[in-house]
Amino acid sequence: MLPNLSIGQHRFRMKAEFSIKEKHPDGKMSLTMGSVYYDKSARKLVYQIRFPEKETWVISDTVFNRIVNGKLITRQFIPMLPSSTLFDFALSNNLNNFGLENSFYKAKDTKKDADQVITTWVPDERVKKAFGNVVISRKNNQLYGIAFYSPKDELLKKQIFKGYIRASGISFPQEITEIIYKIEANGAKSKGTKISTFKNLVVNDPNENNIYNFPVPTVLSK
């Protein structure tokens with residue numbers, strides 16, 4: 001029984017239903033709904049969109065691929081790896097500190113504020129010109145908030161995590177409110193807001209391998 005127990009405790013994939021409500025800096029609103037899939041071995045983050053139109057988004061390495069009706073419509077670079085997302089952190093049990101324990105960041109200062117524990121993480125000296133501090137707050141030993149700063153100590157982005165859904169021994173945020181700040185060339189500031197909600201979390205589902213490892217067309221459609 002021991003080998004089977006060991007395999008059962010290895011969490012390697014997850015999926016959930018999601019909705020994303022966005023308010024863009026220009027005031028426009030948008031709503032996206034569907035299901036998200038992540039498999040650590042496939043190293044792909046797959047969004048199956050059902051609203052407003054059916055399409056598939058696949059993030060592999062640092063490339064975003066948009067696929068509609070089996071055709072590759074968009075391929076573009078994004079500064080994000082699937083292995084550095086909340087999905088991987090949750091499966092690896094590194095969500096509480098946003099995966100920073102195994103990065104070039106080091107915890108510098110920790111303090112308690114009411115029911116929150118707040119820790120400031122500073123980047124290694126070698127990358128301080130490119131990365132600023134990250135401040136993380138935890139409540140009830142769960143990730144509650146995170147703020148990202150520029151090397152000039154300007155607030156770039158913050159996220160608030162509310163409620164957690166659970167399945168097969170892992171927890172994942174039920175709601176994430178993200179605020180992204182942008183500083184224009186003339187010094188003016190604007191911000192965009194994104195609220196993501198998740199439900200029906202499933203871990204280690206042996207089915208839907210074709211989605212977890214979604215095949216991306218090699219040629220862009222004209």
Side-chain angles (χ1 to χ4, degrees), residues 16-34 36 38 45 47 49 51-53 55 57 59 62-66 74 76-90 95-100 103-105 107-109 111 113-123 127-139 142-165 172-199:
E17 294 179 43
F18 76 89
S19 68
I20 300 175
K21 298 177 183 178
E22 293 187 75
K23 182 177 182 181
H24 303 277
D26 59 6
K28 293 182 179 179
M29 309 283 286
S30 65
L31 172 64
T32 306
M33 300 175 66
V36 58
Y38 178 65
L45 186 57
Y47 290 86
I49 310 301
F51 181 87
E53 301 290 343
E55 56 186 77
W57 303 343
I59 300 172
T62 54
V63 180
F64 171 84
N65 303 277
R66 178 171 171 254
T74 303
Q76 64 186 68
F77 167 80
I78 57 173
M80 183 188 77
L81 286 167
S83 59
S84 61
T85 63
L86 289 173
F87 306 98
D88 194 277
F89 298 158
L95 187 58
N96 282 1
N97 289 314
F98 205 76
L100 293 182
S103 71
F104 52 77
Y105 277 87
K108 181 182 179 182
D109 178 59
K111 62 182 180 181
D113 183 4
D115 58 351
Q116 296 182 43
V117 176
I118 301 173
T119 302
T120 299
W121 294 75
V122 298
V127 294
K128 272 194 170 182
K129 290 184 178 180
F131 298 91
N133 291 350
V134 177
V135 178
I136 290 178
S137 66
R138 290 184 295 169
K139 183 187 291 187
Q142 290 182 318
L143 181 65
Y144 177 74
I146 185 167
F148 299 88
Y149 292 84
S150 73
K152 296 181 179 179
D153 205 33
E154 301 163 321
L155 180 59
L156 301 176
K157 180 174 71 173
K158 63 182 180 181
Q159 295 175 313
I160 301 296
F161 305 86
K162 295 182 180 179
Y164 278 80
I165 52 178
F172 194 81
Q174 184 175 32
E175 180 181 294
I176 305 171
T177 299
E178 181 178 50
I179 303 174
I180 301 175
Y181 299 89
K182 185 178 180 181
I183 302 175
E184 308 293 344
N186 60 4
K189 295 182 179 180
S190 61
K191 69 177 183 180
T193 303
K194 179 167 69 174
I195 300 176
S196 304
T197 58
F198 299 89
K199 65 179 182 180

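Count residues from 1 along the sequence. Quick caveat: nothing in here was measured; it's all calculated off a predicted structure.
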Problem - side chain to side chain contact (heavy atoms under 4.5 Å, CB included) assessment of I146 paired with F161 - result: CA-CA 9 Å; I146 185 167; F161 305 86; 3.8 Å; yes

Practice task
Let me see the working for K111 and D113 under side chain to side chain contact (heavy atoms under 4.5 Å, CB included), right down to the final yes or no.
Solution key: CA-CA 7 Å; K111 62 182 180 181; D113 183 4; 5.7 Å; no

Handout entry: Check against side chain to side chain contact (heavy atoms under 4.5 Å, CB included), Y164 and L95
Key = CA-CA 12 Å; Y164 278 80; L95 187 58; 4.0 Å; yes

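Under the side chain to side chain contact (heavy atoms under 4.5 Å, CB included) rule, Y149 has a single partner from V134, V135, L156, which is V135.
At least one side-chain heavy atom of N96 sits less than 4.5 Å from a side-chain heavy atom of R138. Side-chain contact between T32 and Y47: absent, with no pair of heavy atoms (C-beta onward) separated by less than 4.5 Å. In this structure, L86 and I176 have side chains that are in contact, with non-hydrogen atoms separated by less than 4.5 Å. With a 4.5 Å cut-off on side-chain heavy atoms, P123 and N133 count as touching.
Residues Y105 and G132 share a closest heavy-atom pair of OH-O, 2.7 Å. When all heavy atoms of P82 and D88 are compared, the closest pair comes out as O-CB, 3.8 Å. Of all the heavy atoms in V127 and F104, the pair that sits closest is CG2-CD1, 3.5 Å.
Atom NZ of K158 and atom CD1 of I180 lie 12.5 Å apart (nearest 0.5 Å). A distance of 9.5 Å separates CG in N65 from CD in Q76, rounded to the nearest 0.5 Å. Here the CD-NZ distance, from E178 to K194, works out to 4.5 Å after rounding to the nearest 0.5 Å. Considering CG of L143 and CD of Q159, their distance stands at 8.0 Å, rounded to 0.5 Å. Taking CH2 from W57 and CD1 from I49, the interatomic distance works out to 4.0 Å, rounded to the nearest 0.5 Å. If you take NZ on K162 and CD on Q174, they are separated by 11.5 Å, rounding to the nearest 0.5 Å.
The main-chain N or O of G145 is found under 3.5 Å from a side-chain atom of S137 such that the two form a donor-acceptor pair.
With sequence neighbours left out, Q142 forms a side chain to side chain donor-acceptor pair (under 3.5 Å) with no residue at all.
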Listing, residues 18-28 side-chain donor-acceptor contacts under 3.5 Å, not counting sequence neighbours, or none:
from	atom 1	to	atom 2	distance (Å)
S19	OG	T197	OG1	2.5
H24	NE2	S30	OG	3.2
D26	OD1	K28	N	3.0

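Aromatic ring centres of F148 and F131 lie farther apart than the 6.0 Å criterion allows.
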